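Here the structure is a predicted model, which means the values were calculated and not measured. In what follows, chains are A, B, ... by sequence order, proteins preceding strands, each numbered from 1.
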2 protein chains.
Amino acid sequence: MSSVPTNLLNNGAPAGAAGTSSPGTSPTFSPLYQQIKALITQSLQSGEWKPGELIPSEVELANRFKVSQGTVRKAIDELAAENLVVRRQGKGTFVATHHEARAQFRFLRLMPDAGDPHSADNKILDVKRLRAPAEVARQLDMKSGDSVIFIKRVQSFDGAPTIVEELWLPGLIFKGLTAERLIEYKGPMYGLFETEFGTRMIRATERIRAVAADAATAELLGVPAGAPLLSVERVSFTYGDKPVEVRRGLYLTDSHHYQNELS
Amino acid sequence: MSSVPTNLLNNGAPAGAAGTSSPGTSPTFSPLYQQIKALITQSLQSGEWKPGELIPSEVELANRFKVSQGTVRKAIDELAAENLVVRRQGKGTFVATHHEARAQFRFLRLMPDAGDPHSADNKILDVKRLRAPAEVARQLDMKSGDSVIFIKRVQSFDGAPTIVEELWLPGLIFKGLTAERLIEYKGPMYGLFETEFGTRMIRATERIRAVAADAATAELLGVPAGAPLLSVERVSFTYGDKPVEVRRGLYLTDSHHYQNELS
DNA sequence: TAGTGGTCTAGACCACTAT
DNA sequence: TAGTGGTCTAGACCACTAA
């Protein structure tokens, strides 16, 4: 069952050996802790340990992989830095989840100009299955015309509609996602994706521009057509850098701003 | 001269002692490596090691601070993660500098929609000394009316004017900054700040919005008044989280976008 | 009290760079 | 060849949590 997996680590065959035996064509040895990190990531990806759950202790993992605790520690350090995992002193290491206040703000950068961030009121306008447009297919690494789920929604803060957003999700992964499910679900959408569809968003890239509001969007946001809006186009990735969401948002930035840290 | 500084480390007085002697009012002990990190940061800040220079080796620092190499290592690991320092295997650890391609793109997120990033053509429109407006003074942690240097410039990519930017810098720190100096200087502005004024930008926060172009800016960018522009308001910080620059940019995002990574 | 992650040490060996 | 950062180990002790 959960027995020790067959480890293929180059523990007894240090990197130097590669240079001696087959210089130039060395099969890219990597440090032990990187291999451990990859093995742990595999277990996360396969669902052996689910979001929110406790993973085995450092000592146990060290025994399992036949390495020292320090090596496991360095592997987990990097996973924690990448937000795949959360350490808690005295308790253990947990698989990161979107069902936490912490994780929310990593993926919602729109902040009120004054006051504390608030939770959004979410209104689903449309959910349907359709064939992926060429551009979306390209971004999702699918073939043009493959089945995708399309969602359109409006988010309001303090009663004021602020974000109009369209989402495209791979139809195969999110099969069975319905408007009812989205509407009745409380909490962050990424939380639903994670618990209902086993797909956890790890990171995302965004392209931001200023655009003029089209008539339909303007009406939804209660602004004149042509008003300047922030266009945020996001591609989200899960384990293995696999793209699993395209999101195009139009943000009204009259009393909100997109907050970014350059560090 | 460069003798061993007086170390005030709680090496022999572990954190547990605080709980025993004065519980509740413990004077916040910190781990050794954090103290080492703070000491190294002080040396960076004071200019003991200048941008681009080699800092002492891990072994030497370990001897100087009377700790193990591993502890120094962990301190430097964090400094490297914060981009204050760059490690190079076999050579040593160097103080980070803005005179590198690497550092440029951390602070310039506007990318062409297609093609490689390019270097900007920089046109200085105005440089003058004035009294800080209230809002700028607040952001720079100065008193309203204190002297600041004001700069206005236009940046073009491939000959197309794309960014109109206004900067405010504390007059005391940047005394002697003239239009001539800015114009004749080749390379990134932060590089000039670092070498000529000893002030290195460490991190920055940005507030991004969509706004309509005013008449003057529209003319500079060659767009109609009212065209949507990306407004980027930046506050940059140097060592000790001290704000030393306010920058308000208006970006034309017709063929460029602001690129961001959520991770 | 037992188990967890967090800190610190000391030492070994490796890979890379320069001389 | 010497010196640097990079990896790995083994062991000690600490702080925190929960039973």
Side-chain angles (χ1 to χ4, degrees), chain A residues 7 9-21 23 26 28-38 40 49 53-81 85-96, chain B residues 7 9-21 23-24 26 28-38 40 49 53-63 65-81 85-96:
Chain A
N7 311 341
L9 311 178
N10 58 325
N11 199 355
T20 308
S21 58
S26 59
T28 62
F29 284 100
S30 66
L32 248 190
Y33 76 88
Q34 287 286 2
Q35 301 180 38
I36 302 298
K37 182 183 169 189
I40 295 174
W49 312 312
E53 286 182 5
L54 187 65
I55 77 171
S57 74
E58 296 178 353
V59 174
E60 188 176 336
L61 289 172
N63 292 337
R64 178 186 301 195
F65 297 131
K66 304 296 182 209
V67 298
S68 78
Q69 184 183 351
T71 300
V72 170
R73 182 152 248 287
K74 179 142 190 179
I76 295 182
D77 274 346
E78 293 206 349
L79 292 172
V85 116
V86 177
R87 320 187 80 135
R88 298 194 213 211
Q89 191 179 39
K91 299 171 99 171
T93 301
F94 297 79
V95 183
Chain B
N7 311 341
L9 311 178
N10 58 326
N11 199 355
T20 308
S21 57
S26 58
T28 63
F29 283 99
S30 67
L32 248 189
Y33 77 88
Q34 288 286 3
Q35 301 181 39
I36 303 299
K37 182 184 169 188
I40 296 175
W49 313 311
E53 286 181 7
L54 187 65
I55 77 171
S57 75
E58 296 178 356
V59 175
E60 187 176 336
L61 289 172
N63 292 338
F65 297 130
K66 303 298 182 207
V67 298
S68 78
Q69 184 182 352
T71 300
V72 170
R73 182 152 249 288
K74 179 143 189 180
I76 296 182
D77 274 346
E78 292 205 350
L79 292 172
V85 116
V86 177
R87 321 186 80 136
R88 297 194 213 211
Q89 191 178 36
K91 298 172 101 172
T93 301
F94 297 79
V95 183

May I ask you to evaluate whether [X] reaches the phosphate of [N], defined as a side-chain N or O under 4.0 Å from OP1 or OP2?
{"X": "A/R73", "N": "C/dG6", "value": "yes"}
{"X": "B/T71", "N": "C/dT7", "value": "no"}
{"X": "B/S68", "N": "C/dC8", "value": "no"}
{"X": "B/K91", "N": "C/dC16", "value": "no"}
{"X": "A/K74", "N": "D/dT7", "value": "yes"}

Provide, to the nearest angstrom, the distance between the CG atom belonging to B/N63 and the P atom belonging to D/dG3.
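Value for this atom pair: 13 Å.
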Return the minimal non-hydrogen interatomic distance between A/S30 and A/Q35, and the atom names on each side.
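Reported closest heavy-atom pair: O-NE2, 2.9 Å.
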Side chain of A/S57 only, please: which of D/dC8, C/dC8, C/dG5 is the nearest?
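Nearest to the side-chain atoms of A/S57, counting from C-beta on, is C/dG5.
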Taking side chain to side chain contact (heavy atoms under 4.5 Å, CB included) as the criterion, tell me which of B/L54, B/L79, B/I55 meets it with B/T93.
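Single pass found, and it is B/I55.
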Taking for each residue the nucleotide of DNA chain D with the nearest heavy atom, is it B/Q69 or A/G70 whose nucleotide lies nearer the 5' end?
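Its nearest nucleotide lies further toward 5', so the answer is B/Q69.
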Measure the spacing between CG of B/D77 and OH of B/Y33 and express it to the nearest 0.5 Å.
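Going from CG on B/D77 over to OH on B/Y33, the span is 10.0 Å.
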Given pairs defined as Watson-Crick or G-U wobble with both distances under 3.5 Å, what dot-bracket annotation applies to DNA chain D, with ( ) intrastrand, [ ] crossing, | other strand and . unpaired?
||||||||||||||||||.
Mapping A/R87 and A/G90 to their closest nucleotides on DNA chain C, which lands nearer the 5' end?
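Counting from the 5' end, the first nearest nucleotide belongs to A/G90.
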Pick the closest DNA chain C nucleotide for B/Q89 and for B/Y33 by heavy atoms, then say which residue is nearer the 5' end.
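With B/Q89 and B/Y33 compared, the 5'-side residue is B/Y33.
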Let's go through B/I40 and B/V85 carefully: what are the C-alpha distance in whole Å and the side-chain angles of both, what is the deciding distance for side-chain contact (heavy atoms from CB on, under 4.5 Å) to 0.1 Å, and is it a yes or a no?
CA-CA 10 Å; B/I40 296 175; B/V85 116; 5.8 Å; no
